[in-house]
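Before any comments, here is the structure.
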Amino acid sequence: DAGITQSPRHKVTETGTPVTLRCHQTENHRYMYWYRQDPGHGLRLIHYSYGVKDTDKGEVSDGYSVSRSKTEDFLLTLESATSSQTSVYFCAITDRGTDTQYFGPGTRLTVL
Amino acid sequence: AQSVTQLDSHVSVSEGTPVLLRCNYSSSYSPSLFWYVQHPNKGLQLLLKYTSAATLVKGINGFEAEFKKSETSFHLTKPSAHMSDAAEYFCVVSGSSNTGKLIFGQGTTLQVKP
């Protein structure tokens with residue numbers, strides 16, 4: 001599992017509330033990613049990071065922000081959650097040694 | 001731009017029969033290609049990857065895939081399906097930069113009937 005944990009694993013919240021999801025890795029990987037998974041769409045990239053304080057947008061970044069103040073943690077924030085953000089969120093890292101991306105266990109978010 | 005299309009959203013096979021999950025890709029350069037599997041309510045697990053070495057790639061659990069540049073395909077096969085193979089499978093292509101970004105297909109759900 002490449003030492004990736006996500007918290008919380010499940011969350012139910014209401015429209016308009018802020019939500020922060022955390023991804024933690026233990027192996028000092030430089031690249032980290034946030035994806036969302038929705039039926040019929042596979043996984044779509046929200047944001048990614050290529051180092052501390054270095055982040056960039058992915059395919060579906062509207063309504064999301066990220067922060068990376070230390071190598072091991074990559075935070076995804078929904079400033080004001082909407083029902084369209086109900087999804088399963090996966091964090092991932094790239095192991096540059098094998099050029100392979102590994103995924104965390106996922107966070108199921110429901111916005112009512 | 002890179003893209004990937006999984007040609008079947010749902011495939012159903014009987015246990016012990018061959019599995020074929022189809023994937024076509026589009027890329028302006030020689031891509032890296034991957035197959036990931038996701039069992040129900042689980043995370044994603046790498047099955048195999050192609051990175052311009054041998055065109056026939058062997059993965060875990062008896063799966064393999066063949067890279068065919070002329071057909072821009074990377075189909076996943078297994079000679080004999082097992083009940084435990086029932087899952088969702090994603091064909092994935094690497095993005096154009098060196099940032100490690102991946103582009104996912106829509107997924108194929110494999111059903112294995114007893």
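Worth knowing before you read on, the calculation uses all heavy atoms, side chains too, and leaves out hydrogens, waters and symmetry mates.
Clustering ILVMFWY residues whenever any of their side-chain heavy atoms sit less than 4.5 angstrom apart, transitively, puts L7(B) in a cluster other than the one holding V19(B). Cluster membership for V60(A) and V111(A), using ILVMFWY side-chain heavy atoms within less than 4.5 angstrom, is shared. At a threshold of 4.5 Å between side-chain heavy atoms, the hydrophobic network of Ile, Leu, Val, Met, Phe, Trp and Tyr places L78(A) and V12(A) in two separate groups. V88(A) and L102(B) fall within the same hydrophobic cluster, where Ile, Leu, Val, Met, Phe, Trp and Tyr residues are linked whenever their side-chain heavy atoms come under 4.5 Å apart, directly or through other members.
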Could you list each donor and acceptor atom pair linking chain B to chain A at less than 3.5 Å?
from	atom 1	to	atom 2	distance (Å)
Y36(B)	OH	Q101(A)	O	2.6
Q38(B)	OE1	Q37(A)	NE2	2.7
Q38(B)	NE2	Q37(A)	OE1	3.1
K49(B)	NZ	T98(A)	O	2.2
K49(B)	NZ	T100(A)	OG1	2.8
N98(B)	O	R96(A)	NH2	2.4
T99(B)	O	Y33(A)	OH	2.5
G100(B)	O	Q101(A)	NE2	2.8

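Only the side chain of L46(B) comes within less than 4.5 Å of a heavy atom of chain A; its backbone N, CA, C and O stay farther away.
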Scan the side chains in residues 54-66 of chain B for donor-acceptor partners under 3.5 Å anywhere in the protein, sequence neighbours excluded, and list what turns up.
from	atom 1	to	atom 2	distance (Å)
K58(B)	NZ	E64(B)	OE1	2.8

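Annotation for L43(A) and F104(B): closest pair O-CB, 3.4 Å, computed over non-hydrogen atoms.
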